[in-house]
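The structure appears below as structure tokens.
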2 protein chains.
Amino acid sequence: MIGEFARAAGLSTYTVRFYEKIGLIPAPPRDSGGRRVYSKDSLGWIHFLKQLNATGMKQADRVHYAALRLRGEETYRERRQMLEAHYDKIRADLAALQKTSDLMQRKISLYQRLEAELATSEKDTNNG
Amino acid sequence: MIGEFARAAGLSTYTVRFYEKIGLIPAPPRDSGGRRVYSKDSLGWIHFLKQLNATGMKQADRVHYAALRLRGEETYRERRQMLEAHYDKIRADLAALQKTSDLMQRKISLYQRLEAELATSEKDTNNG
DNA sequence: GCTTGTCCTAGAGTGCACTCTAGCAGCTAA
DNA sequence: TTAGCTGCTAGAGTGCACTCTAGGACAAGC
């Protein structure tokens, strides 16, 4: 059960158990043999977690968000505040990334020019 | 000397020595007492390194780039190729970040709506 | 001449986020 | 009935990128 779920989630079984241990995903029910039984619904949550992860939300914060989620309606406000904070971080990261993207483009052009100049001066040398 | 340089670079002295040890920054000349003497020119390189770092280039790759840089003209081509690869990674990261940014906005709106509904139903309860 | 501050080296320690091992149990197909 | 696959737990190990400690030297100011 955990193997199939992990494959569908794009995680290793190690990671799925680890996420459960630290409270990132709720402990699922078990079958008669003590094995974890997952519902497909949980995949959406995993997908969201991966997006938070990929955009640099700290493990501790993801765990906190997961705990809020289990508490229901009373945590709407705090969850929204966490999302707002993360949104601000993402906007800042986007700006920084865009800045470096521009720099990369300029540097690539520079190196193209330098390479061309080098080729030219080598041809000169060969001819001279 | 290292203290002043580290402050100007926005790094700790530990980190500056560590970067030198792994080859990220060239070993500077030493004064009569064996202390490192930095030229201000190196700050530009540190700044560039920090941008590569902040945009997720691996330490090993940064070290490789630094080594190419010391070898001069003959490595223009390989340096450009590394920058192109990093540029591609940055473009992908930008797209992913934008996607999550949009998701955050939608979720924030959702929670605002949920909070408003909750407030309404509480008022109803108070009145009823 | 002693304190304070900065520097040096080698190497140990930290925090994060997994990732794997050991040792064992249950199911299924050959 | 035994080999192979998957599952279970507790706890150890990994890789990255720093970050700090220990133990010592020198230079300036009180």
Side-chain angles (χ1 to χ4, degrees), chain A residues 1-40 42 45-67 82 86 89 93 96 100, chain B residues 1-40 42 45-67 82 86 89 93 96 100:
Chain A
M1 311 254 75
I2 198 178
E4 191 189 1
F5 181 73
R7 262 189 305 282
L11 299 173
S12 69
T13 57
Y14 305 134
T15 304
V16 172
R17 289 198 202 90
F18 171 71
Y19 277 7
E20 178 184 326
K21 184 161 64 182
I22 66 174
L24 260 187
I25 56 185
R30 305 290 183 112
D31 70 9
S32 60
R35 276 161 286 158
R36 292 168 177 82
V37 181
Y38 292 94
S39 90
K40 235 181 162 180
S42 316
W45 169 238
I46 299 268
H47 182 68
F48 180 53
L49 273 182
K50 287 177 98 172
Q51 284 199 68
L52 293 181
N53 202 2
T55 52
M57 186 184 279
K58 292 270 174 67
Q59 187 194 81
D61 291 340
R62 282 180 289 145
V63 169
H64 184 60
Y65 189 92
M82 286 191 74
H86 192 55
K89 177 209 175 348
D93 287 353
T100 302
Chain B
M1 311 253 78
I2 198 178
E4 189 189 1
F5 181 74
R7 263 189 304 282
L11 299 173
S12 68
T13 57
Y14 304 135
T15 304
V16 172
R17 288 198 202 90
F18 172 71
Y19 277 8
E20 179 185 324
K21 184 159 66 182
I22 66 175
L24 260 186
I25 56 184
R30 304 293 182 110
D31 70 8
S32 59
R35 275 161 288 158
R36 292 167 178 82
V37 181
Y38 292 94
S39 90
K40 234 179 165 183
S42 315
W45 170 238
I46 300 269
H47 181 69
F48 180 54
L49 274 182
K50 287 176 100 171
Q51 283 200 68
L52 293 181
N53 203 4
T55 53
M57 185 184 279
K58 292 269 175 66
Q59 188 194 81
D61 291 340
R62 281 179 291 145
V63 168
H64 185 59
Y65 190 93
M82 287 191 75
H86 192 55
K89 177 208 175 346
D93 287 354
T100 302

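Here is how names work: the chains are called A, B, and so on, in the same order as the sequence lines, proteins then strands, and each is numbered from 1. No experiment lies behind these values; they were computed from the predicted model shown.
Atoms CD1 (B:Ile25) and P (D:dC18) sit 11 Å apart, rounded to a whole Å. With rounding to whole Å, B:Asp31 atom CG is found 9 Å from C:dC7 atom C1'. Computed from coordinates, the A:Ile22 CD1 to C:dC18 P distance equals 7 Å when rounded to whole Å. The interatomic distance linking B:Met1 (CE) with D:dA27 (C1') rounds to 13 Å, in whole Å. In this structure, A:Leu11 places its CG atom 11 Å from C1' of C:dC18, rounding to the nearest Å.
Residues forming a salt bridge (charged side-chain N to carboxylate O under 4.0 Å, His left out) with B:Arg7 (at least two apart in sequence, or on another chain): none. Listed by chain and number, the residues in a salt bridge (charged side-chain N to carboxylate O under 4.0 Å, His left out) with B:Lys58 amount to none (sequence neighbours excluded). In this structure A:His47 satisfies the side-chain contact (heavy atoms from CB on, under 4.5 Å) test together with A:Gln51, sequence neighbours excluded. Not counting sequence neighbours, B:Lys50 has no partner by the salt bridge (charged side-chain N to carboxylate O under 4.0 Å, His left out) test. In this structure, A:Tyr38 has no side-chain hydrogen bond (donor to acceptor under 3.5 Å, both in side chains) partners at least two apart in sequence or on a different chain. Judged as a salt bridge (charged side-chain N to carboxylate O under 4.0 Å, His left out), and not counting sequence neighbours, the contacts of A:Arg30 are A:Glu20.
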Measure all distances between protein nitrogen or oxygen atoms and nitrogen or oxygen atoms of nucleotides 9-17 of chain D, and list the pairs falling under 3.5 Å.
| unit_1 | atom_1 | unit_2 | atom_2 | d |
| --- | --- | --- | --- | --- |
| D:dT9 | OP1 | A:Arg30 | NH1 | 3.4 |
| D:dT9 | OP1 | A:Arg30 | NH2 | 3.0 |
| D:dT9 | OP2 | A:Arg36 | NH1 | 3.1 |
| D:dT9 | OP2 | A:Arg36 | NH2 | 2.8 |
| D:dA17 | OP1 | B:Gln59 | N | 3.3 |
| D:dA17 | OP2 | B:Gln59 | N | 3.2 |

Polar atom pairs between nucleotides 21-26 of chain C and protein, under 3.5 Å, N or O only, would you list them?
none

Name every donor-acceptor pair, under 3.5 Å, that has one atom in a side chain of residues 9-19 of chain B and the other anywhere in the protein, sequence neighbours excluded.
| unit_1 | atom_1 | unit_2 | atom_2 | d |
| --- | --- | --- | --- | --- |
| B:Ser12 | OG | B:Thr15 | N | 3.1 |
| B:Ser12 | OG | B:Thr15 | OG1 | 2.8 |

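Here CZ of B:Arg62 is found 9.5 Å from NE2 of B:His86. Values are rounded to the nearest 0.5 Å.
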